[in-house]
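Letters go in sequence order (proteins before strands), and every chain restarts at 1.
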Amino acid sequence: MSTENSTATSATSKRESLFSKKNKRLLKDPLGDSNPITIQVLGICSALAITVQLQQAVIMSLSVLFVMIGGNLIVSMLRNLIPDRIRIIVQLVIIASLVIIVDEVLKAYLPDVSEKLSVFVGLIITNCIIMGRLEAFALANKPGPSVLDAIGNGLGYAWILLAVSVVREIFGSGAISMPGMGQVKFLPEGWFISAGGFYENNNLMILPPMALVVVGVIIWIQRSRNKALIES
Amino acid sequence: MTTTFFSQTLTAVKSVFRIFDMAINKNSTGYTFIFSILMVVIVGVALAFTSLTLKPLQKKNAADKQMIDILGAIQVITTRTNAKVDFPIYVVERVSLDSEGNVVDSKTGDISATDATDPFNLNVKKDYRSKKPASELIFPLYICEKGGDKIYVIPVVGSGLWGPIWGYIAIESDMHTIYGAKFDHKTETPGLGAEIREDFFTDKFRGKTLNEVNPFFNVLKGGSNTDTHSVDGITGGTITSKGVEEMVNRTLAIYLRYFEKQTNTSAK
């Protein structure tokens, strides 16, 4: 009994050290000062492509989060075994297999979500953030911190995506959509010019360039708040 | 007890790895080869296993989706869970035709997933990809009854901008008026070509009529309001719209031969 207790406490103390100051930064930094999209400018292509509707952004964020955590965990566990010369290929194989598994599972258990996601599965494999974190972090760190790093970067990617898609959907379609709820148009029909009103949706918002402008505005706000981020 | 056992195993595994680490040169060509071979085998087995175990569920989902789409063409909204129940209520007969419009086979009652001759199980997408001449192919037709009226549902398959597009066209018992349509796509551009699956596009097909000669139906760039044989295409999705037009006309050419034979026999 007593031995069990002592090992249990030592296990908790080990787990606590997982959330040390250094590890907390792994979670927090990618949300702000080292955000993968606004600071490192990675994963921009998917941020342009799938931020027309909020529900697509949610599904994409969740899938990327899953693939990142899985990829970082596996690569970090294998980090001492992977031969240096083929490490990029190994990382690609791991990411691609995870994405295929996600796709197959969605097709079997969530067919409706899978239909929405179909176009974007390929984009997850080519997402530079995932590859970047495997190469820059998971290859040199233990599984615990690697998973935290994956969660941090995944969420850092996710919040930008969600913010951009909310703006684009509200002003572009006058609606908000969530997975499982469909698109909810909240503006009264009478407001629109077609029905004799004064309002018109901004079609430019739906086109990809507007995503860049919105991301640009986020970068602007971020750098005006933290001057240290401005390059000389 | 279990925690102690677990930590002991972990230490043992770790020490094995440490010995392994020291014993071999990880940058040697031999190790690289062995590593990649092992990796490919493991990944291959894992993916094959996932694919095989999930296949039955995916097939069932695809069949449900097919039923939902067929019912969607005759304006019956159903869900994945209800599709199997609703389908036999409306679809009374499943017919397969040859390219001259002659009936090859006809099935009623339950759908058997293993029966390859069942028109429901004919793979029209595969037939389209095979690029075989129409004379070598078999075409499925669903005869539905809704509110006492006979409605014919025709599957259509074609190419959009990036990949395949497909759908169903429902023709009323006068064999001339479009009762409804339902389209879907694999990889068309979201917001542009992908809009063909939305109701605002398919609803425009309702009540339109087929032309006597080919092209039986047009998808135009505007100006369709006065024309009963055409609908407006999708702005920014011209190639997908043209794809819809092409697949509808190519497929109707075959099914109209069947309709012609039907009218002839009933006239006699």
Legend entry - Structural part of A/Ile50 lying under 4.5 Å from a heavy atom of chain B: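 Answer is neither: A/Ile50 stays 4.5 Å or more from chain B.
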Inset, instruction - Heavy-atom distances under 4.5 Å only: say whether A/Ile86 touches chain B with side chain, backbone, both or neither. - result: side chain
Inset, instruction - Name the member of B/Thr53, B/Leu47, B/Val40 that forms the most heavy-atom pairs with chain A at distances under 4.5 Å. - result: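 The candidate making the most pairs under 4.5 Å is B/Leu47.
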Legend entry - Interface residues of residues 163-177 of chain A facing chain B - non-hydrogen atoms under 4.5 Å apart: none
Inset, instruction - Report yes or no: does B/Gln58 contribute a side-chain atom to a donor-acceptor pair with the main-chain N or O of A/Glu104 at less than 3.5 Å? - result: yes
Inset, instruction - Sort B/Lys65 into side chain, backbone, both or neither according to what part of it lies under 4.5 angstrom from a heavy atom of chain A. - result: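 It is the side chain, since no backbone atom gets that close.
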Legend entry - Contacting moiety of B/Thr29, where chain A heavy atoms sit under 4.5 Å: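 Contact with chain A: backbone and side chain both.
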Legend entry - Pairwise side-chain contact, A/Val147 with A/Ile151, heavy-atom cut-off 4.5 Å (strictly under):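 Heavy-atom side-chain distance check passes, below 4.5 Å.
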Legend entry - Cationic tip of B/Lys125 above B/Trp166 ring, under 6.0 Å, 45° of axis: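 Output yes; distance and angle both within limits.
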Inset, instruction - State plainly whether the residues B/Glu246 and B/Lys242 are in salt-bridge range, i.e. N to O under 4.0 Å. - result: no
Inset, instruction - Answer yes or no: is there an ion pair linking B/Arg197 with B/Asp184, defined by an N-O contact shorter than 4.0 Å? - result: yes
Legend entry - Aromatic plane relationship, B/Tyr142 with B/Phe120 - under 30° parallel, 30 to 60° tilted, over 60° perpendicular: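 It falls in the perpendicular class, over 60°.
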Inset, instruction - Can you label the angle between the B/Tyr31 ring and the B/Phe35 ring as parallel, tilted or perpendicular, going by 30° and 60°? - result: tilted
Inset, instruction - State the CZ-CG distance between B/Arg129 and B/Asn123, to the nearest 0.5 angstrom. - result: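 Here the rounded value is 6.5 Å.
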